[in-house]
There are 2 protein chains.
Amino acid sequence: MDKKSKSLSKNQKIVLDFIQKNKKPVKAYSILSNVQKKGINAPPQVYRALDKLIEIGKIHRVESQNSFVACKISNCDTPHKTIFSICNSCEIVSEINDPKLFKNLKDFRDKDGTVFDGYNLEFFGTCKSCKNKQIENTKH
Amino acid sequence: MDKKSKSLSKNQKIVLDFIQKNKKPVKAYSILSNVQKKGINAPPQVYRALDKLIEIGKIHRVESQNSFVACKISNCDTPHKTIFSICNSCEIVSEINDPKLFKNLKDFRDKDGTVFDGYNLEFFGTCKSCKNKQIENTKH
DNA sequence: AAATTTTTGTTATATTATAACACTATACTC
DNA sequence: GAGTATAGTGTTATAATATAACAAAAATTT
């Protein structure tokens, strides 16, 4: 049994469960207030679970939002290699699974030839649904 | 005269000047404590200057560090299109200027064909100098 | 010179994250 | 299976990062 298939602890399960229930990324203190009935009382309990879940790749941190989202890529074993698209309007986040882009990033070397352990890429734009709403509004 | 060549305000100059003096990215409260002698007294004054400087592309925010760094790409007119390499060990940040990678990112469309206004890409690894130090240490 | 926009200065407070310490549960190893 | 190492828990306090809200001054536009 490898490290990643070890079962999660109680708090880790509670936090992961809550994050997975949400379509949008969630904030640490929102997690906290939503899991207090389950016996998690204080920020460190949430942040510790978050750290572990990130480490094992079950969730990712959306850096530009200070928020956390479940990994949508099955059997993710690549924490710290993430690509997101983020809507500037509704702040919805989708994880991008694009083999060509993965390859571009994986193969990238800087001028010194440094090999990187990880990367985080966030694209910003307006999602289809928000764009449609904007068009609707200009009609009136 | 276009918008970007408008001269900076007093606080904006002070903040930009401090950021440009530093090789490494600097934190907002570090900026504050270093420019208090110049008459900037409170966080909002710093954050407002930072917002403006980011907007006009003079500096960038390093999302994973909550820090700010001067743009090294001359005549940068592309705020929100940034690529950094970050050393996990010394936390030094370099802005990457790689035409091929720029093109890859510029041309990227998601499944819905969304065109993005911007992106932020952060690569994580160990810089040459830190790698050498690690090798030194294993020798003893 | 009036109106608009941008910037400033200020106080207070919101939000995000970690330090430190005592304790418990689980896994490892001999 | 006893001992020991490792990971997780619960708690209090506090550090670090960022913004709201308001009044006033300066710069820019018309």
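Quick note: numbers below take in every heavy atom, side chains included, and nothing from hydrogens, waters or symmetry partners.
If you find the closest nucleotide of DNA chain D to A:A42 and to A:A49, the one lying nearer the 5' end belongs to A:A49. Each of A:D51 and B:N41 lies near DNA chain C, and the nucleotide nearest B:N41 is the one positioned closer to the 5' end.
Taking only side-chain atoms of A:P44, from C-beta outward, the nucleotide of D:dG10, D:dA18, C:dA19 with the closest atom is C:dA19. When each of D:dT9, D:dA18, D:dA20 is scored by its nearest atom to the side-chain atoms of A:K10, the top-ranked nucleotide is D:dT9. Nearest to the side-chain atoms of B:P43 among the listed nucleotides D:dT19, C:dT7, C:dA17 stands D:dT19.
With sequence neighbours left out, the ring pair (Phe, Tyr, Trp, His ring centres under 6.0 Å) criterion links B:F68 to no other residue.
Side chain to side chain, B:R61 and B:N66 meet the donor-acceptor criterion of an N or O pair below 3.5 Å. Defined by atom type and a distance below 3.5 Å, a donor-acceptor pair is missing between the side-chain atoms of B:S64 and A:E63. Side-chain atoms of A:Q36 and A:N34 include no donor-acceptor pair closer than 3.5 Å.
Remark: P of C:dT8 and CG of B:N11 are 4 Å apart, rounded to the nearest angstrom. Per the geometry, CD belonging to A:Q45 stands 10 Å off P belonging to D:dT12, to the nearest Å. Rounded to an integer number of Å, the gap from CD1 of A:I54 to C1' of C:dA17 is 12 Å. Residue A:Y29 contributes atom OH, which lies 14 Å from atom C1' of D:dA18 at whole-angstrom precision. Rounding to whole angstrom units, CD1 of residue A:I31 and P of C:dA17 are separated by 10 Å. Rounded to whole angstrom, the span from the CD atom of B:E63 across to the C1' atom of C:dT16 amounts to 14 Å. Rounded to a whole Å, the CD atom of A:Q36 is 13 Å from the P atom of D:dG10. One can place CZ of B:R48 at 14 Å from C1' of C:dT5, the figure rounded to the nearest angstrom.
Between A:K27 and the phosphate of C:dT16, there is a side-chain N or O to OP1/OP2 separation shorter than 4.0 Å. At the phosphate of D:dT17, neither OP1 nor OP2 sits under 4.0 Å from any side-chain N or O atom of B:R61. OP1 or OP2 of D:dT17 has not a single side-chain nitrogen or oxygen of A:N66 nearer than 4.0 Å. Checking the phosphate oxygens (OP1, OP2) of C:dT8, a side-chain nitrogen or oxygen of B:S9 falls inside 4.0 Å.
Judged by ring centres under 5.5 Å apart and planes tilted less than 30 degrees, A:Y47 fails to stack against the six-membered base ring of C:dT18.
Within the model, atoms NZ of B:K13 and OG of B:S9 stand 7.5 Å from one another, a figure rounded to the nearest 0.5 Å.
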